[in-house]
> 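Here it is, the structure, as C-alpha cells.
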Amino acid sequence: MSDCIFCKIVKGEIPSRKAYEDDEVLAFHDIHPAAPVHVLIIPKRHIATLADAGPGDEALLGKMLALTGRIAREQGSLEGYRTIVNTGRTGGQDVYHLHVHVIGGPRPLPRMIAKE
Ligand code: 5GP
Ligand code: ZN
C-alpha cells in the first residue's frame with residue numbers, strides 16, 4: 001500500500017521511534033501518546049483492519065498480542081497496560097493499517113481513549 005503511512009514507517013520512509021522489530025512485526029511509539037507508555041504494534045505486511053484478518057493471520061496476531069507484555073515492561077510499564085484495537089469507522093480507526101495500541105505507564109491511565 002504505497003499511500004499507507006504505517007507501510008511508509010515499515011519502509012523507513014517516515015521516521016519512527018522503534019520499540020521492537022522482527023521480520024514480521026514492528027512496534028513504535030505513538031506520535032501523540034495518550035499515556036507515559038503508548039506503543040503501536042503493527043504487522044509489516046499491510047492488513048487494513050482487524051476485520052480483514054483471516055485464518056492465515058492467526059500466528060501473526062498471536063505474536064502481536066504475545067509481544068505486548070514484553071514491550072510494555074521494556075518501556076517501564078510494570079503494573080499492567082491497556083490494549084486497544086480500533087476497527088473500522090464504528091471502531092474509530094484513523095489509520096487503516098492494523099495496529100495494537102499498548103498504553104501504560106504510571107497510573108492513572110486516561111479513563112478512556114475517547115473517539116468521536
Ligand atoms: P487509530 O485511531 O487508528 O486507532 O490510531 C492511530 C494512531 O496512530 C494514533 O494514536 C496516532 O497518534 C498514531 N499516528 C498517526 N500517524 C502517526 C505517525 O506518523 N507516526 C506515529 N508514530 N504515530 C502516528
Ligand atoms: Zn499499510
Side-chain angles (χ1 to χ4, degrees):
M1 283 287 285
S2 54
D3 57 350
C4 167
I5 58 171
F6 285 0
C7 282
K8 287 183 177 168
I9 284 176
V10 169
K11 288 186 266 179
E13 294 172 7
I14 294 176
S16 69
R17 193 154 70 87
K18 289 178 188 174
Y20 173 87
E21 182 170 19
D22 66 25
D23 55 336
E24 295 179 305
V25 170
L26 177 66
F28 54 93
H29 295 266
D30 196 292
I31 204 164
H32 293 125
V37 172
H38 189 167
V39 172
L40 304 174
I41 306 177
I42 69 170
K44 288 189 167 177
R45 176 165 56 84
H46 183 86
I47 300 172
T49 82
L50 185 58
D52 295 302
D57 302 311
E58 286 171 2
L60 177 64
L61 294 178
K63 180 192 241 189
M64 289 167 64
L65 282 184
L67 276 167
T68 60
R70 171 182 165 178
I71 290 171
R73 276 192 302 277
E74 285 180 355
Q75 298 304 321
S77 191
L78 304 179
E79 296 188 316
Y81 52 91
R82 185 176 301 160
T83 47
I84 297 174
V85 183
N86 296 315
T87 302
R89 201 169 150 214
T90 300
Q93 185 174 0
D94 289 328
V95 176
Y96 277 75
H97 182 130
L98 172 63
H99 50 282
V100 177
H101 295 256
V102 176
I103 297 171
R107 290 191 297 164
L109 290 181
R111 180 75 193 87
M112 189 184 166
I113 314 301
K115 291 283 197 164
E116 289 93 63

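In each ligand, atom 1 is the first atom listed, and ligand 1 is the first ligand listed.
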> Given a cutoff of under 4.5 Å between side-chain heavy atoms of I, L, V, M, F, W and Y, with clusters grown through shared members, what are the other residues clustered with I42?
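I5, F6, I9, V10, I14, L26, F28, L40, V95, listed by chain and number.
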
> Indicate, as side chain, backbone, both or neither, the part of D94 found under 4.0 angstrom from ligand 1 when only non-hydrogen atoms are considered.
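Both backbone and side chain.
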
> Going by the atom numbers of ligand 1, which of them fall below 4.0 Å from some non-hydrogen atom of F28?
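Every atom of ligand 1 under 4.0 Å from some heavy atom of F28: 21 (C), 22 (N).
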
> Applying a 4.0 Å heavy-atom criterion (strictly less than), which segment of I84 is in contact with ligand 1: side chain, backbone, both, or neither?
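None of I84 does.
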
> Distance check, rounded to the nearest 0.5 Å: D52 atom CG versus T49 atom OG1?
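Atom-to-atom, D52:CG and T49:OG1 are 3.5 Å apart.
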
> For atom CD of E13, is the number of surrounding heavy atoms from other residues, nucleotides or ligands below 6.0 Å larger than 12?
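More than 12 heavy atoms, drawn from other residues, nucleotides or ligands, come within 6.0 Å of this atom.
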
> Of all residues at least two apart in sequence or in a different chain, which pass the side chain to side chain contact (heavy atoms under 4.5 Å, CB included) check with Y20?
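Expected list: D22, V25, A27, L67, R70, I71.
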
> What is the minimum heavy-atom distance between A53 and I47, and which atoms define it?
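Closest approach of A53 to I47, heavy atoms only: N-CG2, 4.2 Å.
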
> Judging by distance only, is a nitrogen or oxygen of H99 under 3.5 angstrom from one on ligand 1?
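So ligand 1 has an N or O lying under 3.5 Å from an N or O of H99.
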
> Geometry only, no angles: is V95 polar-contacting ligand 1 at N/O separations under 3.5 Å?
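Yes, at least one N or O pair falls under 3.5 Å.
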
> Would you mind counting protein N, O or S atoms that sit less than 2.8 Å from the Zn ion (ligand 2)?
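Total protein N/O/S atoms under 2.8 Å from the Zn ion (ligand 2): 4.
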
> Within a strict 4.5 Å, meaning less than it, do heavy atoms of the E79 and P106 side chains meet?
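Counting from C-beta outward, E79 and P106 never come under 4.5 Å.
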
> OH of Y96 to CZ of R89: how many Å apart, nearest 0.5 Å?
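Rounded to the nearest 0.5 Å, the OH-CZ separation comes out at 8.5 Å.
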
> Relative to the heavy atoms of I9, which atoms of ligand 1 are at a distance of less than 4.0 Å?
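The list of qualifying atoms is 20 (N).
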
> What I'd like to find out is whether the side chain of L98 reaches to under 4.5 Å of the side chain of L61, using heavy atoms alone.
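Sidechains of L61 and L98: in contact.
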
> Measuring from atom 17 (C) of ligand 1, which candidate in I31, N86, I103 has the nearest non-hydrogen atom?
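Going through I31, N86, I103 one by one, I31 has the nearest heavy atom to atom 17 (C) of ligand 1.
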
> Yes or no: does G92 have any heavy atom under 4.0 Å from an atom of ligand 1?
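In this structure, G92 qualifies as a contact of ligand 1 - some heavy atom is under 4.0 Å.
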
> Which ligand 1 atoms does H32 reach within 4.0 Å, using its non-hydrogen atoms?
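Heavy-atom distances to H32 below 4.0 Å select 12 (O).
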
> For M64, run the side chain to side chain contact (heavy atoms under 4.5 Å, CB included) check against V100, V85, D57 and tell me which one passes.
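That would be V100; it is the only one of V100, V85, D57 passing the side chain to side chain contact (heavy atoms under 4.5 Å, CB included) with M64.
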
> Checking H29 now: which residues fulfil ring pair (Phe, Tyr, Trp, His ring centres under 6.0 Å) with it, not counting sequence neighbours?
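Testing H29 for ring pair (Phe, Tyr, Trp, His ring centres under 6.0 Å), a comparison that skips the adjacent residues, returns none.
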
> At less than 4.0 angstrom from any non-hydrogen atom of Q93, what atoms of ligand 1 do you find?
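Within the 4.0 Å cut-off of Q93, ligand 1 contributes 3 (O).
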
> When you look for heavy atoms under 4.0 Å from ligand 1, do you find them on the side chain of F6, its backbone, both, or neither?
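Just the side chain.
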
> Look only at interatomic distance and state if H101 has a nitrogen or oxygen under 3.5 Å from any nitrogen or oxygen of ligand 1.
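Between H101 and ligand 1 (N or O atoms, distance only) the closest approach is under 3.5 Å.
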
> Does a side-chain heavy-atom distance below 4.5 Å link T83 with I41?
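Not touching, per the 4.5 Å side-chain cut-off.
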
> Tell me if the aromatic rings of H101 and H99 count as close, with their centers under 6.0 Å from one another.
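Here the rings of H99 and H101 have centres that are less than 6.0 Å from each other.
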
